[in-house]
Each structure stands twice: as C-alpha cells, then as structure tokens.
Amino acid sequence: MLLVRVAAVSREVAATSSRSRKKALLAGLFREAGPEDVPVVIPYLAGRLPQGRLGIGWKTLGAPVEPASAPSLTVLETDRELTALKAVAGPGSQAERLRLVTSLMSRATEEEQAFLVALLTGEVRQGALDAAAADGLAEASGAAPEDVRRAVMLAGGLAPVAEALLADGPTALERFRLTVGSPVLPMLAQSAPTATDAVARLGGAAAVEEKLDGIRVQVHRDGDEVHVFTRTLDEITDRLPEVVAAARELRGERLILDGEVIALDEHGRPRPFQETAGRIGSRTDVSSAARAVPVSPVFFDVLHADGRDLMDLPFAERHAELARLAPGPRRVRRAVVRGPEDAAAAEDFLAATLERGHEGVVVKSLDTPYSAGRRGAGWLKVKPVHTLDLVVLAAEWGSGRRAGKLSNLHLGARTADGGFAMLGKTFKGMTDELLRWQTGRLRELAVEEHSWGVTVRPELVVEIAYDGLQRSTRYPAGVTLRFARVLRYREDKSAAEADTVRTLLATHPGVTR
DNA sequence: TTCCGACAGTGGGGTCGCAAT
DNA sequence: ATTGCGACCCCACTATCGGAA
C-alpha cells in the first residue's frame, strides 16, 4: 500500500465532523490494507508510530524539504526507514538522523510530508484516534465493537488485535485474555467538586479512598518475577527495586495489582510530587536515587489473583481480595459510607486526608467492575481548589481550532515594587465565547506584537483556579501554579486589587523554604 | 426531543537522559 | 560544564457526536 493512501484518508477523516463517517473511512482503508500492511497502517491511522516515539520533534525536522512530485513511497518502506532512524544513537547521531529524515521527506509528496510530520511529532489531529480506529477495525472485520475494545484494552494496544482479526476473523478475539505479565489499560477517574457531590452522584454505598500524589503503577507478579508498568504501559520495573521487593512479600503468587508509588518522608508524610517524579524518572543510577528518595507502593485494586480474573467483579469483592493479599500499610487508607446520607463522613475523611498532606480522595462505587481503559463514572476524584485574582501580562496565539484567537495567557501576581511577577500560563477553562471576547479585549490592550502573540498593558484581572504551588526555576518568584485554569474575568477589579506574590507564598508555606 | 457518555483537542510545568556546544 | 531537545510523568477543561432515555 502506498503512503499516499493513508495520508489521503487521514485528510478526509480530519475534514468530516461526523464520527460515523470517520469510522467508515478508517474501516475502508483497513479493508484495503494487505495483511503485511496492517501492523503499520493501523497505528498510522490511530496517529501512532509502531516504533513508539523516535526522538524527533519540530526542531529536529528543521527546514522544509522539496517534496516529490508524484507519490511512490509505500507504507512498508516508510516503516523500514523509520525503524532504521530509531536505531541511530551516539555521537554524530543528530546529523545522521537529520540526514535520514530529510531523505525520507524528499521522497514524499506534499500531502505525504504533512502526514509524516504530524505522525513524527505526535500531532495527527484528525478527530479520530484509538477509539475511532478500534471502531473502524470492528466495522472492517465484522466483529462487535465492544469485543474489539475489550481485546484492545487487554492487549494494551490496537496492532496485535488488528493482526489477529484480519488473519482469523472475529473468533480470534477470544484469544485476548488477562495475562499476568501483560499490562492492561488502567481505569481512570472523573472529577467531582466536593466529596458530598461525589457521594450523591454515586447514589449508593461508596468507598472514600485517599488520593496519593505520586505515579500510577500496575504491578504484575508471577512468583519471583515482577513487572511494573506506568499509566501508559511503559515498563519501569528496573527503576523501582522497592516495588519489586514489596510485590514479592504479598500473600499471593500470581497477581495483577493497581496502585500508586509515592515518596514519603520519615514521618510518613508525602514528599512534593516533583521529588517522586524525579526519583522515578531516574534511570542511570537507580541505587543512589533509591537511597536519596525511597518510594513506597500503595495499592487500591486487584485485577487478578492466583488464577482468578477479578476485573468484572464489583469493587467491594475486589477490595476484599486486596485486603487478603496486602497488609494495611500497602493499601490506601479508606472509609466506607452507606450513601448520600453519609456525606458528612466522606467530607470528614477528605479533611483528615488533606491533614495528612495528601492530594485529595477518590470516591468509588462499591458495585462497579474495573473499567480498564475507561474514565469510568464509578470513580470520582475530589481535590481542593485554590483561587487567585491575577493580571494578564501577555497572550499567545492559539493553534488548531483556536487559530486566530489569543489563547494561552501569561499570568502575573503583584510584587512589592509595584510590578508583576509571572507565575505561569494557562489556556484552560475558556469557552469559545470567552476566547472571542478576550481576543478582542487583549488586542485593545496590546503594547507589543510578537510572532507568538501580544504583550499587553497589565490591566485585565482574571480569576484563576489552581491545584497548588510548586517550585520553579523558570519563573521569577521561584514558584509556579499547578494546573492553572480560568474561572472568569474580573472586570470589576483593577490590577491594583490583584493578589500579590507575598500573600500567595504565605498561603502555601514551605514551598520555597 | 432532550440528555449525557465518551472522545478528541488544546495546551500547562517539571524532570530526566542524551547529544551538541 | 552547560544548553537544548524530546520523552513522559502529572493534568483541567470545553466542544461535539451520537446513542440512551
């Protein structure tokens, strides 16, 4: 199959807003692909590379390359070139990689180049990724969409499922089972504003569990063999000897557990997220990193135990099994409430959890199965929200559907000398209407135009929600906001009434030390 | 007919490893 | 030794389609 077919279908998928049409287009190309093309075409149309990330971004791609006048590249040739590119490492590798990517681009037409750039940078924005590709695959193969999705979730990706389906038809899906050692996509949580709201939404009995601010892990144990995977199913076993040791202590030989890894201080209080993340990111000298920042696994779910698959059981039953397998300190703290009438108990538990220094709680229905790969309505996270009134210092032009709109705001707090210190940026929380309005308003306030956006007179006050303060080497106050988002503009306030760096630091003692 | 679940898009900061400077 | 880039951790929020109610 020629690459131009894939590029053309991607363009057509992007051009329609109808999901059923996107699905039909993807299915059409899957039918067209030969068995040897499938392992490449499937990930390409889901916006992924079969090789994973190649270490190539916008900067490496560099200057435009003169495109070929006629399409000739096949999907398989492209895949071979990219495999070769991935293998290049060591001194001089940057130049060699640029040479290889330039050579590939020179063989691609304009349309193919655009698709390749999107693929390499991970920005195939066609309004259809994994879920749409799975549905398209189901349509092309005659399998039930829910069966395909389940197989994809169990296989941890689309490619093996596509190959099996096209080789052996829908009955091949039965081969995809939960397997110790093979990661499955983790279940994710939705958000709720308060514990009371969360308990009310679930309606019935619920577990209120502490939410630890660390790294999500899925731990597989088969006897002495242990594997640890991240939320995106990358294997990080080698970086986490403490987790391997802890898994071997559990009271079960063949297990799949879901949990969080977090660095705790000598009093058992959580260390800042940045320290946990830095520790788990350290790959080159794990033993000294582990001495400096030891981490602990804390589990909250179990998917498999000694030959029994538990994912489809109600959470109450899975947790009973977890309690049998893991001792108290290896499990998240929790409280069980009977229902909405017990909301006060849920709020009390949240308050106590925050008092212990943790991030918040996850309120979980006791009835729901483990919805792997889904953001299930059975898990609701609740975290306290802080707010500030900050001043817009500048704004950046948006991209994609925000092209032509001033989108990303630079946010400042007042300083003692009467100026402003930038605390970070945000593009979140804006409706289309608000984007329109702020684009006009900020252009009125503009004092300088740049290629990236505008700097403005510091007059506009915006109310910002954020999750907390963290240390920063990038911003002048030495701190930045975590997960800042816009709540509303405060046209009733002048910049002189905005919050100050001083009061911000006082609100979060211990961040700067 | 209206409602709502699920997805995709739009980017944020930090930290690490690696190659280039 | 320092710098720049890319990968990958954490993530919030809105718009939209299409099936459910």
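If you're wondering where the values come from, they're calculated on a predicted model, not measured in any experiment. Scope of the values below: all heavy atoms of this structure, side chains included, with no hydrogens, waters or symmetry mates. In the text below, chain A, chain B and the rest are named by the order of the sequence lines, each starting its count at 1.
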Exercise. Cation-pi between A:Arg441 and A:Tyr489: NZ/CZ under 6.0 Å from ring centre and within 45° of the ring axis?
Worked result: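 Geometry flag: not set, cation outside 6.0 Å or 45°.
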Exercise. How does protein contact run along nucleotides 6-12 of chain B, one letter per nucleotide 5' to 3', with B for base contact, S for sugar-phosphate only, - for none, heavy atoms under 4.0 Å?
Worked result: BSSSBBB
Problem set entry | Along DNA chain B (nearest heavy atom to each residue), the more 5'-positioned of A:Gln470 and A:Ala89 |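 Closer to the 5' end of DNA chain B: A:Gln470.
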Donor-acceptor pairs under 3.5 angstrom involving side-chain atoms of residues 367-378 of chain A: please list them, not counting sequence neighbours.
from, atom 1, to, atom 2, distance (Å)
A:Tyr370, OH, A:Met187, N, 3.1
A:Tyr370, OH, A:Asp258, OD2, 2.7
A:Arg375, NH1, A:Ala189, O, 2.8

For [X] and [N], what is the distance between atoms [atom1] and [atom2] respectively, to the nearest whole Å?
X	N	atom1	atom2	answer
A:Trp58	C:dA7	CH2	C1'	17 Å
A:Lys59	C:dA7	NZ	P	14 Å
A:Arg488	C:dC13	CZ	C1'	18 Å
A:Asp213	B:dG13	CG	C1'	13 Å
A:Leu98	B:dA20	CG	P	11 Å
A:Leu212	C:dC9	CG	P	18 Å
A:Ile280	C:dC9	CD1	P	10 Å
A:Arg239	C:dC9	CZ	C1'	10 Å

Exercise. Name the one of A:Lys383, A:Lys364, A:Arg356, A:Arg334 that satisfies salt bridge (charged side-chain N to carboxylate O under 4.0 Å, His left out) with A:Glu210?
Worked result: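 The passing option is A:Arg356.
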If the cut-off is 4.0 Å, is [X] near the phosphate of [N], judged by side-chain N/O to OP1 or OP2?
X	N	value
A:Lys23	C:dG19	no
A:Thr480	B:dG14	no
A:Arg485	C:dC13	yes

For this session: Quick one: pull up CZ in A:Phe427 and CG in A:Leu406 and give me the separation to the nearest 0.5 Å.
Result: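 The distance works out to 15.5 Å.
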Problem set entry | Candidate pair A:Arg150 and A:Asp312, rule salt bridge (charged side-chain N to carboxylate O under 4.0 Å, His left out), full reasoning | CA-CA 12 Å; A:Arg150 186 173 172 87; A:Asp312 294 330; 3.5 Å; yes
With a non-hydrogen cut-off below 4.0 angstrom, is [X] in contact with a base, only sugar-phosphate, or nothing?
X	value
A:Leu481	nothing
A:Thr276	nothing
A:Lys86	nothing
A:Lys405	nothing
A:Lys383	sugar-phosphate
A:Gly52	nothing

Taking NZ, NE, NH1 and NH2 as the nitrogens, is one of them in [X] or [Y] under 4.0 Å from a carboxylate oxygen of the other?
X	Y	value
A:Arg149	A:Glu146	no
A:Asp130	A:Arg48	yes
A:Lys405	A:Asp432	no

For the side chain of [X], counting heavy atoms from C-beta on, which of [options] is nearest?
X	options	value
A:Ser93	B:dA19, C:dG6, C:dC17	B:dA19
A:Ser18	C:dG18, C:dC13, B:dT15	C:dG18
A:Glu359	C:dC11, C:dC9, C:dA15	C:dC11

Exercise. Which residue, A:Val217 or A:Ser20, contacts DNA chain C at a nucleotide closer to its 5' end, judged by nearest heavy atom?
Worked result: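 It is A:Val217 whose nearest nucleotide is closer to the 5' end.
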For this session: Could you say whether A:Arg283 or A:Met430 is positioned toward the 5' end of DNA chain C, judged by the nucleotide with the nearest heavy atom to each?
Result: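 Between the two, 5'-proximity favours A:Arg283.
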Exercise. When you check the side-chain N and O atoms of A:Glu235 and A:Thr237, is any donor under 3.5 Å from an acceptor?
Worked result: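 On atom types as modelled, these side chains qualify, holding a pair under 3.5 Å.
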Problem set entry | C:dC17: pairing nucleotide in any strand, Watson-Crick or G-U under 3.5 angstrom |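 Across all strands, the one nucleotide that pairs with C:dC17 is B:dG5.
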